[in-house]
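Only one structure is covered here, and it is reproduced in the block below.
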Amino acid sequence: MKELPKAYEPRKYEDKIYERWEKSGLFNPDVCVEKGVADKKAKPFSIVLPPPNVTGTLHLGQALMLSVQDLLVRYHRMKSDKTLWVPGTDHAAIATQTKVEKLLIQQGVKDPRAELGREKFLKEVNKFAQESHDIIVNQCRKMGASLDWTREAFTLDEQRNLAVRTMFKMMYDDGLIYRGHRIVNWCPRCHSTLADDEVEYKAQAGKLYTFRYADDFPFAISTTRPETKLGDTAVAVNPNDERYKKYIGKVFEVKKFAGGPDLKIKVIASEDVDTDFGTGALGVTPAHSFADYEMAQKNKLLVIKVIDEDGKITKEAGKHYKGFTVLEARARVLENLRELNLLEKEEDVSNNLSVCYRCESPVEPIPSKQWFIDVNKKFRIKNEELRIKGLKVNSEVTLKQLMSVAVKNGQIEIIPDRFNKTYFHWIDNLRDWCISRQIWYGHQIPVWYKGEEIFVDVEAPKGDGWAQDPDTLDTWFSSGLWTFSTLGWPDKTDDLKNFHPTSVMETGYDILFFWVARMILMTTYALGDIPFEKVYLHGLVRDEQGRKMSKSLGNAIDPLDMIREYGADAVRLSLLIGTSPGNDMKLSVEKIAGFRNFTNKLWNICRFMLMNIGKDVILTPTQSGEESLSKTLADKWILNRLRAVINIVTENIEKFNFSYAGERLRDFTWGDLADWYLEVAKIEGDKSEILNYILSVILRLWHPFMPFVTEQIWQDIYGKEKMLMVEKWPEKIKSLVDSSLIGMTDFDYARNIIFQLRSLRAEYKIEPTKKINVAISAGAKEQILKDNKEMIVKMAKIDNLIIGKEVKKPINAVTFFEPPCVTVFMDLAGSVDLVKEKERLKKEIEQTEKYVEIQKKKLANKEFVANAPAEIVEKEQQKLSECEAKLGKLKNQLKSLK
RNA sequence: GGGCAAUUAGCUCAGUUGGUUAGAGCGCGGCAUUGACAUUGCCGAGGUCAGAGGUUCAACUCCUCUAUUGCCCACCA
């Protein structure tokens, strides 16, 4: 029999183990079927990995996501499901391009895009992306992620590009994608549009200025952005506002506003105008505000663009302003207004500045011609195999409705469910999605122009003179296809048939809208099916003080450093235990170190068990027949505990309560098994079979949580032919013995006595040299003590135990000193605690009796039974029988105490 | 402005559909130790479960209000 080294050193084993796993091919479900690990007809279980961006290295958020998903995947693989976990990476358009631009600028290229041109620039980006990809993929391996690398995908590879083009064409033909001149969010630094949810808001101290357009303008307006007023074409007032009613419909001409352009200001009415804000009159700038644009549409106002794509003032604002930046222009407008004595008031206000979520530069709403997805347009459902409940083929729906139905009808379950509300709220407020981006890195829009002609198709048009739209698609457009594009769509592949819809989508709640919602949109539209059955949202990983981890704060924990120092298993446990879905978690190095201690503990538990199993026994993992293994009270006890823990762990993994499952398993392993059972085993001896059984069960239970150390132990014990990764998950045992049955409570009773005996020396200040005899009278429980006398004596570290009738002097818990021995007399049958216990039981019985009475009356009430829904009556009935059973149990307990 | 969540031991958090005496890890104090493990074991201190009301035989758990903190959405120019 082999022996394990004294301490577990993750670094020595992890890479080798991963290599063996990968080489075995068993990450691939097809190989599992081939090798008989999973049945061909087995239930499929599939997850598609949320693709990490190719912009950097693995961070803790991704470590968390890999831990959770690998836990699920390993669990299902061990349950013999046909289990697939598809890896991939995301090209992350703007993010990657921005990063490469920064790097090039650092290298001395002043304006990378202008200097290199599209082709050369993209070459640089691709080079960077490839390097970054290699790093991150390798880091996923370090975490132990059992991803099927043979199916790896990239959001920007050939297959995915085909999917994107196909999708674009489909939506275009359905009239869902259109090109329009609209107000869009524009980032002057990225030089691109942004989707609504790519805009973030930062609270800022600002100023609210109140001024008149001109001396002869009848009233003043208020604004925080005076520079945009160069493009005003109207003033909106509330139609009920007595002050301004008379002006509605009138047009005022303003000559050289603030030394700049001539304006024609029409006074219009709008219910949305708050009469109490500022002067109650709102300057309307149709070109640079979403709300104003809408008003302009309604009132047929001119749209004058005064800010351009560089964030500079256009010539429309006149020579006096042309070419200035927004901030410069603001100062200039104010200066002019002051000179003209038009500025009436300046107030400090806090307002929200819109910034780009990637580069944090201020975002400008500007009018621009872009591609949009229309979320409100009705179209006919054409999918032949429509699998969304509540919809019919050929009926008319909007994309919004599709997204909403799939969740509302319960086909997609979001965990935790409170995010349902957020999801629906988001859909309600959703506007058309601007999908074109003026960046180079991404899927180029499959649209070609020749003069006035437009051509939209999957492939480029034949013939000369066609030029493809230079813009690329929003990165979320391609990510939205991820669950099915990775499985081969638009081809009708076996993978698609077998593994779609996927079982679980596991990701952070921060991209519920960005990504999860878009996947639902794209999938329901393209396939007429849901993308996944369950959405499990994890929280953000924060530092000890609850701050976001970031490089600039210097509080970021690098998962790879942690893996090197404490092992991947410790990192995984620290991310899985003590966390709950949808809630942020705080992580510290100490916590990871704590779990490193546990991996080592498990190692040593196994090491010890191995030493006690006996050197000549050839071990094979066992799964059944444990009944015959229990010989002593302690055996019975530990097997009962083990059964309970198998059930708890299994049930809670199924319910996505990974933290609880792990905690209970740890409590069992450390508390029950190591601290108690193994100590007893030292005394009782001859435990080969039962230890072998327990060992093979706990290793399997732990494997999804900490795959490396468990696999290493497994192979050391059972040989390299056997791979724990594909061993069968322990069966749930349905007929679990009730915890109140003798096997459990009796050992707990004995354990209790041992606790008391152990503290005798301290309590009575007995010198270490003296021997202790204990005389116990314990009433009804005396038989237990007699049966387990030897074990108790040894565990309690006393010298002799005299039980029951053997006690000559009936004395209540006093000591009798008799050098060189000490005899302690204990009367446990009449201890104070028992009196308290009786009182407690009586009270409880009283309460329960009352309840039973009430319940009985309720159920005797014919009116209630006849009118209430059957479910409720049944539930009440159940409650009653439960309580009656409990009452019986309590009475028995009370009896046994007397 | 609208919404969501959190508030339990010094710290980080569990507490599974209301039901025995509210738990764990870390930290703290004490004791132990030569062969599984100092990356250890045992014992202990420490909680009016944020506050107030309500429902109930029974509330950390359900309801209402209040306070504090965090997040999301919208946005008033």
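Chain A is the first sequence line, chain B the second, and so forth, proteins listed ahead of strands; every chain is numbered from 1. Just so it is clear, the values below take in all heavy atoms, side chains as well, and ignore hydrogens, waters and symmetry mates. None of these values were measured; they are calculated from a predicted model.
Here the CG atom belonging to N692(A) is positioned 9.5 Å from the CG atom belonging to L610(A), to the nearest 0.5 angstrom. The line from CD1 of I304(A) to OG1 of T285(A) is 10.0 Å long, rounded to the nearest 0.5 Å.
Nucleotides rC71(B) and rC76(B) place their P atoms 22 Å apart, quoted to the nearest Å. The same atom, P, is picked in rG25(B) and in rU21(B); the two are 23 Å apart, to the nearest Å. To the nearest whole angstrom, the two C1' atoms, one in rA5(B) and one in rC13(B), are 16 Å apart. Comparing the same atom, C1', in rG27(B) and in rC72(B) gives a spacing of 35 Å after rounding to whole Å. With both ends at atom C1', the span from rC4(B) to rG44(B) equals 41 Å, rounded to whole Å. As rounded to the nearest Å, rG51(B) and rA45(B) have P atoms that lie 23 Å from one another.
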Nucleotide-level pairing of RNA chain B, given in dot-bracket where Watson-Crick and G-U pairs need both distances under 3.5 Å and | marks other strands
(((((((..((((.....[...)))).((((((....).))))).....(((((..]....))))))))))))....

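A cation-pi arrangement is present between K682(A) and F608(A), with the terminal nitrogen or guanidinium carbon under 6.0 Å from the aromatic centre and inside a 45° cone about the axis. Figure legend: cation-pi geometry between R431(A) and F290(A), with NZ or CZ positioned under 6.0 Å from the six-membered ring centre and within 45° of its axis.
Using the six-membered ring where Trp is involved, F598(A) and W702(A) have ring planes that are tilted, between 30° and 60° apart. Taking the six-membered ring for Trp and thresholds of 30 and 60 degrees, W603(A) and Y8(A) have ring planes inclined between 30 and 60 degrees apart.
Atom P of nucleotide rC13(B) and atom CE of M585(A) are separated by 9 Å, given to the nearest angstrom.
For the residue pair N429(A) and H425(A), a side-chain donor N or O sits within less than 3.5 Å of a side-chain acceptor on the partner.
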B/S/- along nucleotides 70-77 of chain B (protein heavy atoms under 4.0 Å) is ---SBBBB

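Taking only side-chain nitrogens and oxygens, R666(A) never comes nearer than 4.0 Å to OP1 or OP2 of rG25(B).
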Does the side-chain hydrogen bond (donor to acceptor under 3.5 Å, both in side chains) test come out yes or no for E346(A) and Y209(A), once each step is laid out?
CA-CA 5 Å; E346(A) 282 180 52; Y209(A) 304 97; 4.8 Å; no

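With rA24(B), rU40(B), rA36(B) as the candidates, the nucleotide lying closest to the side chain of D667(A) is rA24(B).
Both K682(A) and K586(A) lie close to RNA chain B; mapped to their nearest nucleotides by heavy-atom distance, the more 5′-ward contact belongs to K586(A).
With hydrogens and angles left out, the side chain of K421(A) and the base of rC4(B) share no donor-acceptor pair within 3.5 Å.
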